[in-house]
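Working notes, beginning with the structure itself.
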Amino acid sequence: MDLLRLATAGSVDDGKSTLIGRLLYDAKAVLADQLAHVEERSAERLDLALLTDGLRAEREQGITIDVAYRSFATPRRRFILADCPGHAQYTRNMVTGASTADLALLLVDARAGLTEQSRRHATIAALLRIRHVIVAVNKMDLVDYAEEAFDDVVRQVLELAAKIGLHDVEFVPISALEGDNVVERSPRMPWYAGPPLLERLETIPVEPPKVHGARLPVQLVLRGEDGSRWAAGRLAAGSLRAGDEVVLLPSGVRTRIAEVRDAEGVAETIEAPLSVSVRFQDEVDIARGELIAAAADAPTPVRELAATVCWLGDRPAAPGARLALKQGTRTVPARLEAIDGRIDFETVEWPAADELRLNDVAHVRLRLGGEIAPDPYAQSHASGAFILIDEASNDTVAAGMVLEG
């Protein structure tokens, strides 16, 4: 069975925890002792939200705070589900949870329509280039299962999608509390001709990453018993085989692969995201932090970077702030040169800003103290992402995506 990674998001009280609980419960992915505990804590009817809110603070406040990862399977597919918080102050958690997702499941309350936080989550899904988005229009039972209420939410989302560049959006009307259109088709909404939510999650295609030249960030250099040198790391993109012409970056030295090995030994071809060690035909100098890239489409080393960042740090940052940038296995000094715009999630515009605050998403320019060789994030997520680190505290203060040019 293949694997689908999905991230769920939605405003507070849109019913996200109840929906996830319903999926886990109906997919028989709840342990007997966990179910017994939830039944004991529930009042008149089974409170499915208790299956997902694992932290004590979440149960006490009735909200999701941290990202919780759940794995479950049906006869047709395996799933890893990242349950992301709905509160605005936990936006950074949503970015973290959605960063590896193939699909974003966005809940919208049929009564309230798109809220600011719904717009925030949809915009983040667009910025992260998540391939598929399913909008679950929840609480249809509270609007008498009216098609007009569903159509109104669809219109709002499509208008937003056109502004933010969100593609491949699908819509499913559901009631997580009653189970309508979650696992089984609901007779209460005969006007909806599509599949129930779980069926769509089971059948939506999971495309492999776009074909891309090899990108191998070097984690360490090994010595063979015969004195040969091997560069080892986790292949971030593409594939490697003996005879491939590669370039070592940022030095620009060109050579060819003589041999590749995986955990089992010599291999004909290694594909991402497996770990690999390679030996070169030439005697070349290489160290941790360098990038082995396919010579045919190697990125250009740069010292200046235009990027979109989500600020994760509790302390604000202004132009001139000095940080460390880590991309792959390479870390270089970085200076926040300028903040070109900080997104307003209500208007979806990028007005100018003089500082970055917690949970801000902004376009920035960075000047680097050493060269890195990134790809645009839109072309390769693995080699187009980076983090910014506060050198004094060693805290990760931002997650970034490289922009074109």
Side-chain angles (χ1 to χ4, degrees), residues 209-305 307 323-335 366-377 379-389 391 394 396 400-402:
K210 292 180 181 179
V211 176
H212 200 286
R215 300 288 187 270
L216 175 61
V218 177
Q219 293 180 349
L220 71 162
V221 178
L222 307 171
R223 281 284 184 183
E225 293 181 357
D226 59 356
S228 59
R229 301 180 72 199
W230 294 77
R234 185 171 181 266
L235 193 58
S239 61
L240 282 173
R241 67 170 60 202
D244 286 351
E245 184 181 10
V246 295
V247 58
L248 313 184
L249 299 171
S251 66
V253 173
R254 287 177 175 255
T255 184
R256 288 188 179 274
I257 302 293
E259 189 176 359
V260 296
R261 291 176 178 263
D262 60 14
E264 304 297 326
V266 178
E268 181 178 343
T269 303
I270 304 291
E271 296 186 353
L274 297 180
S275 295
V276 60
S277 57
V278 300
R279 180 174 59 84
F280 303 112
Q281 291 182 356
D282 306 306
E283 191 67 31
V284 296
D285 186 25
I286 191 166
R288 173 181 169 83
E290 293 192 71
L291 178 72
I292 301 171
D297 72 342
T300 302
V302 296
R303 283 182 175 266
E304 294 184 351
L305 208 59
L323 306 157
L325 182 147
K326 186 174 188 296
Q327 185 247 348
T329 59
R330 187 170 183 80
T331 302
V332 297
R335 181 178 184 271
L366 299 164
R367 186 176 297 274
L368 310 180
E371 288 183 312
I372 65 169
D375 292 288
Y377 184 82
Q379 294 180 17
S380 173
H381 291 192
S383 53
F386 63 88
I387 59 173
L388 295 175
I389 302 167
E391 293 184 293
N394 208 34
T396 299
M401 298 164 285
V402 178

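Since the model is a prediction, treat every value here as computed from it, not as a measurement.
- For the pair D244/V260, no side-chain contact is recorded, criterion being any heavy-atom separation below 4.5 Å from C-beta on.
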I would like to know whether L388 and L366 meet side-chain contact (heavy atoms from CB on, under 4.5 Å); could you show each step before the answer?
CA-CA 10 Å; L388 295 175; L366 299 164; 4.3 Å; yes
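- A pairwise comparison of heavy atoms in L240 and A214 identifies CD2-CB, 3.6 Å as the closest pair.
- No side-chain heavy atom of Q219 sits under 4.5 Å from any side-chain heavy atom of S275.
- L368 CG to R303 CZ: the interatomic distance, rounded to the nearest 0.5 Å, is 8.0 Å.
- Residues A295 and R254 come closest through the heavy atom pair CB-NH1, 3.3 Å.
- In this structure, the side chains of V247 and V253 stay at 4.5 Å or more apart for every pair of heavy atoms.
- In plain terms, the two heavy atoms of I286 and A231 that are nearest each other are CD1-CB, 4.2 Å.
- Side-chain atoms of D226 come within 3.5 Å of backbone N or O of S228 as a donor-acceptor pair.
- Between D375 and V402 there is no side-chain heavy-atom pair separated by less than 4.5 Å.
- Enclosure of atom CG in N394 is not indicated, since only 12 or fewer non-hydrogen atoms of other residues, nucleotides or ligands lie within 6.0 angstrom.
- Summarising the geometry, atom OG1 belonging to T329 is positioned 8.0 Å from atom CG belonging to L291; distances are rounded to the nearest 0.5 Å.
- A distance of 10.0 Å separates CG in L216 from CG in L248, rounded to the nearest 0.5 Å.
- I257 places a side-chain heavy atom less than 4.5 Å from the side chain of F280.
- Proximity of a side-chain donor or acceptor of D297 to a complementary backbone N or O of G213 within less than 3.5 Å is detected.
- Atom CD of Q281 and atom OG1 of T255 lie 6.0 Å apart (nearest 0.5 Å).
- A 4.5 Å side-chain heavy-atom check between L323 and L325 finds every atom pair outside the cut-off.
- Note that CD of E271 is 8.5 Å distant from CZ of R241, once rounded to the nearest 0.5 Å.
- Counting all heavy atoms, side chain and backbone alike, R256 lies closest to G243 at NH1-O, 2.7 Å.
- Shown here for F386 and M401, the closest heavy-atom pair between the two residues is CE2-N, 3.8 Å.
- Residues R279 and R229 form no side-chain contact, since every pair of their non-hydrogen atoms from C-beta on lies 4.5 Å or further apart.
- Side chain of Q327 to backbone of S383: a donor-acceptor contact under 3.5 angstrom is found.
- Applying the salt bridge (charged side-chain N to carboxylate O under 4.0 Å, His left out) rule to R234 yields no partners; only residues at least two apart in sequence or on another chain are considered.
- Between D262 and L274, every side-chain heavy-atom pair lies at or beyond the 4.5 Å cut-off.
- Between the side chain of R223 and the main chain of G227, a donor-acceptor pair closer than 3.5 Å is present.
- When all heavy atoms of P374 and P299 are compared, the pair lying nearest together is O-CB, 3.3 Å.
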